[in-house]
Engineer: 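Take a look at the following structure, please.
The figures that follow rest on heavy atoms only: side chains count, while hydrogens, waters and symmetry mates do not. First the proteins, then the strands, lettered A, B, ... as listed; each starts at 1.
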2 protein chains.
Amino acid sequence: MSRGQLKVSYGIGEFSKIVDISIDTLRYYEKEKLIVPERDKSNRRSYTDRDIKWLNFIKRLKKTGMPIKNIKYYAKLRYQGDETIDERLKLLYDQRHRLEADQIELQTHINFLDAKIETYHQIKHNLQKQKSIEASSN
Amino acid sequence: MSRGQLKVSYGIGEFSKIVDISIDTLRYYEKEKLIVPERDKSNRRSYTDRDIKWLNFIKRLKKTGMPIKNIKYYAKLRYQGDETIDERLKLLYDQRHRLEADQIELQTHINFLDAKIETYHQIKHNLQKQKSIEASSN
DNA sequence: TTAGATTCTGGAGTGCACTCAATGTCAAGG
DNA sequence: CCTTGACATTGAGTGCACTCCAGAATCTAA
């Protein structure tokens, strides 16, 4: 605020639409301490622009297959401030390594499927031959 | 059997060890009709060598992220015989396409993490500068 | 002012993929 | 014959990540 950024805030409904996550899920994430918004005078959740970025990051991490437990740990570090940056970096590096491993595994699965597909084509081919033999023996 | 392969059969305990899947999970898979072994005179499950191959294939599909529902459909086709080969091929191709898509997505996640890691290094760098300024002003 | 919309909380329910527990059957070995 | 061990069934329980519901409070617009 001291830097003059106009601080906009959003109610849960509006925020839900912006980040495309259901209201119930947002409240669930809050229970899990992934994102803990401020409250206004009448106890309603008040999300900020920063929360939008944070939630999009969470969505990313989720899509990389990171379980909520881990994201939660990341969130905890984040809410603790700058002195946890190294720890957060470590988490990010770990996840990156995991994804690299996933990449390799994925390739082996694709190769496997290709092999399987090939054998099926073989089987089809053999069945075809079978049929033509039957046909010629009539 | 006409081709002279010695047909060995395994009880559920032995089979469980061979394929490295718990007995409970095997029974669960049977309930879901993924793998339906014969029974002996006293109603015990009797798995074959073919079942070992089939189960290893199931494990593969599972690892590629295919849900049990889909594998179940594949299993149903398989138990129906040769005339379902085209349909099974289609399933395999679909899954292959999914994996290709996963591969691309995975790459974007990795890129994203790299970018995030980079910004963290920037932040660290800035904090460092901050500190040295503070130090020199003393 | 008042109806309707939005939000609040606590708690129950869902779907998936197992996992475990209780109770029962059966063939083989001492 | 009787115990033991592997197997059988049914049904309940677990963990994850939501998703839904009831009842109450608060906000907004006519």
Side-chain angles (χ1 to χ4, degrees), chain A residues 8-48 51-52 54-76 95 98 102 109, chain B residues 8-48 51-52 54-76 95 98 102 109:
Chain A
V8 188
S9 74
Y10 312 93
I12 197 168
E14 198 184 355
F15 189 69
S16 162
K17 273 166 205 152
I18 292 168
V19 296
D20 193 31
I21 288 194
S22 82
I23 290 176
D24 278 320
T25 301
L26 286 172
R27 290 200 269 244
Y28 166 67
Y29 284 176
E30 185 171 345
K31 210 176 63 188
E32 292 300 317
K33 302 220 218 5
L34 294 196
I35 182 162
V36 185
E38 310 272 290
R39 300 299 183 107
D40 66 14
K41 342 81 206 166
S42 53
N43 198 36
R44 273 137 184 246
R45 289 166 180 84
S46 167
Y47 294 91
T48 67
D51 288 327
I52 294 174
W54 173 225
L55 208 350
N56 282 328
F57 182 56
I58 289 174
K59 283 169 73 178
R60 261 304 169 165
L61 291 182
K62 278 196 62 56
K63 282 208 268 177
T64 71
M66 194 186 275
I68 282 193
K69 258 179 93 129
N70 290 41
I71 301 177
K72 184 176 179 167
Y73 178 54
Y74 189 97
K76 192 180 150 215
Q95 186 65 8
R98 249 188 300 277
D102 287 354
H109 293 328
Chain B
V8 189
S9 76
Y10 313 93
I12 197 167
E14 199 184 353
F15 188 70
S16 163
K17 271 167 206 151
I18 291 168
V19 295
D20 194 32
I21 290 196
S22 81
I23 289 177
D24 279 320
T25 301
L26 286 173
R27 291 201 266 245
Y28 166 68
Y29 284 176
E30 185 171 345
K31 208 176 66 189
E32 292 299 317
K33 303 220 218 3
L34 294 196
I35 182 164
V36 185
E38 309 272 289
R39 302 298 184 106
D40 65 14
K41 340 83 210 164
S42 53
N43 198 36
R44 269 124 189 258
R45 289 166 180 84
S46 168
Y47 296 90
T48 67
D51 289 327
I52 294 174
W54 173 226
L55 207 355
N56 282 327
F57 181 55
I58 290 173
K59 284 168 75 179
R60 255 317 164 156
L61 292 181
K62 278 197 63 53
K63 280 207 270 179
T64 70
M66 194 187 274
I68 280 191
K69 259 181 93 129
N70 291 195
I71 301 177
K72 185 175 177 168
Y73 179 53
Y74 189 96
K76 192 181 151 215
Q95 187 65 8
R98 249 189 299 277
D102 286 354
H109 294 327

Engineer: It should be established whether A/Tyr29 places a side-chain nitrogen or oxygen under 4.0 Å from OP1 or OP2 of nucleotide D/dC18.
Structural biologist: yes

Engineer: Would you say B/Arg39 places a side-chain N or O within less than 4.0 Å of OP1 or OP2 belonging to C/dC26?
Structural biologist: no

Engineer: Out of B/Asp24, B/Val19, B/Leu26, B/Asp20, which one pairs with B/Ser22 under the side chain to side chain contact (heavy atoms under 4.5 Å, CB included) rule?
Structural biologist: B/Asp24

Engineer: What's B/Asn43 touching, base or sugar-phosphate or nothing? Going by heavy atoms closer than 4.0 Å.
Structural biologist: sugar-phosphate

Engineer: With sequence neighbours excluded, tell me which residues meet side chain to side chain donor-acceptor pair (under 3.5 Å) with B/Asp51.
Structural biologist: B/Thr48

Engineer: Below the 4.0 Å mark, does C/dT7 have OP1 or OP2 next to a side-chain nitrogen or oxygen of A/Ser42?
Structural biologist: no

Engineer: Need to verify one output field. Residue with the more 5' nearest nucleotide on DNA chain D, B/Asp24 or B/Glu14?
Structural biologist: B/Glu14

Engineer: Side chain of B/Tyr28 only, please: which of D/dA17, C/dA17, C/dC8 is the nearest?
Structural biologist: C/dA17

Engineer: Between P on C/dC18 and NZ on B/Lys59, what's the gap in Å once rounded to a whole number?
Structural biologist: 12 Å

Engineer: Would you mind reading off the distance between A/Lys69 atom NZ and D/dC16 atom C1', rounded to a whole angstrom?
Structural biologist: 11 Å

Engineer: Phosphate oxygens OP1/OP2 of C/dA17: is one of them under 4.0 Å from a side-chain N or O of B/Thr25?
Structural biologist: no

Engineer: Measure up the A/Tyr74 and A/Phe57 rings against each other and bin them: parallel (under 30°), tilted (30 to 60°), perpendicular (over 60°).
Structural biologist: tilted

Engineer: Would you indicate whether the side-chain heavy atoms of A/His109 and B/Leu61 approach each other to under 4.5 Å?
Structural biologist: no

Engineer: For A/Lys41, report the nucleic acid contact type (base, sugar-phosphate, nothing); a contact means any heavy atom under 4.0 Å.
Structural biologist: nothing

Engineer: Does A/Lys62 have a side-chain nitrogen or oxygen under 4.0 Å from the phosphate oxygens OP1 or OP2 of D/dC18?
Structural biologist: yes

Engineer: Nearest whole angstrom, please: distance from the P of D/dC7 to the CD of B/Glu38.
Structural biologist: 17 Å

Engineer: Base, sugar-phosphate or nothing for B/Arg27? Non-hydrogen atoms, less than 4.0 Å.
Structural biologist: base

Engineer: Expressed as a whole number of angstroms, how long is the span from B/Leu55:CG to C/dC18:C1'?
Structural biologist: 14 Å

Engineer: What's the CD1-P distance between B/Ile21 and C/dA17, to the nearest Å?
Structural biologist: 13 Å

Engineer: In whole angstrom, what separates B/Tyr47's OH from D/dA8's P?
Structural biologist: 7 Å

Engineer: In whole Å, what is the span from the CD1 atom of A/Ile23 to the C1' atom of D/dA17?
Structural biologist: 18 Å

Engineer: Under 4.5 Å between any side-chain heavy atoms of A/Ile52 and A/Tyr10, yes or no?
Structural biologist: yes

Engineer: Once you round it to whole Å, what is the distance between P of D/dT26 and CD1 of A/Ile12?
Structural biologist: 17 Å

Engineer: Please classify the nucleic acid contact of A/Lys31 as base, sugar-phosphate, or nothing, using heavy-atom distances under 4.0 Å.
Structural biologist: nothing

Engineer: Can you find a donor-acceptor pair, distance only, under 3.5 Å between B/Arg44 side chain and D/dA6 base?
Structural biologist: yes

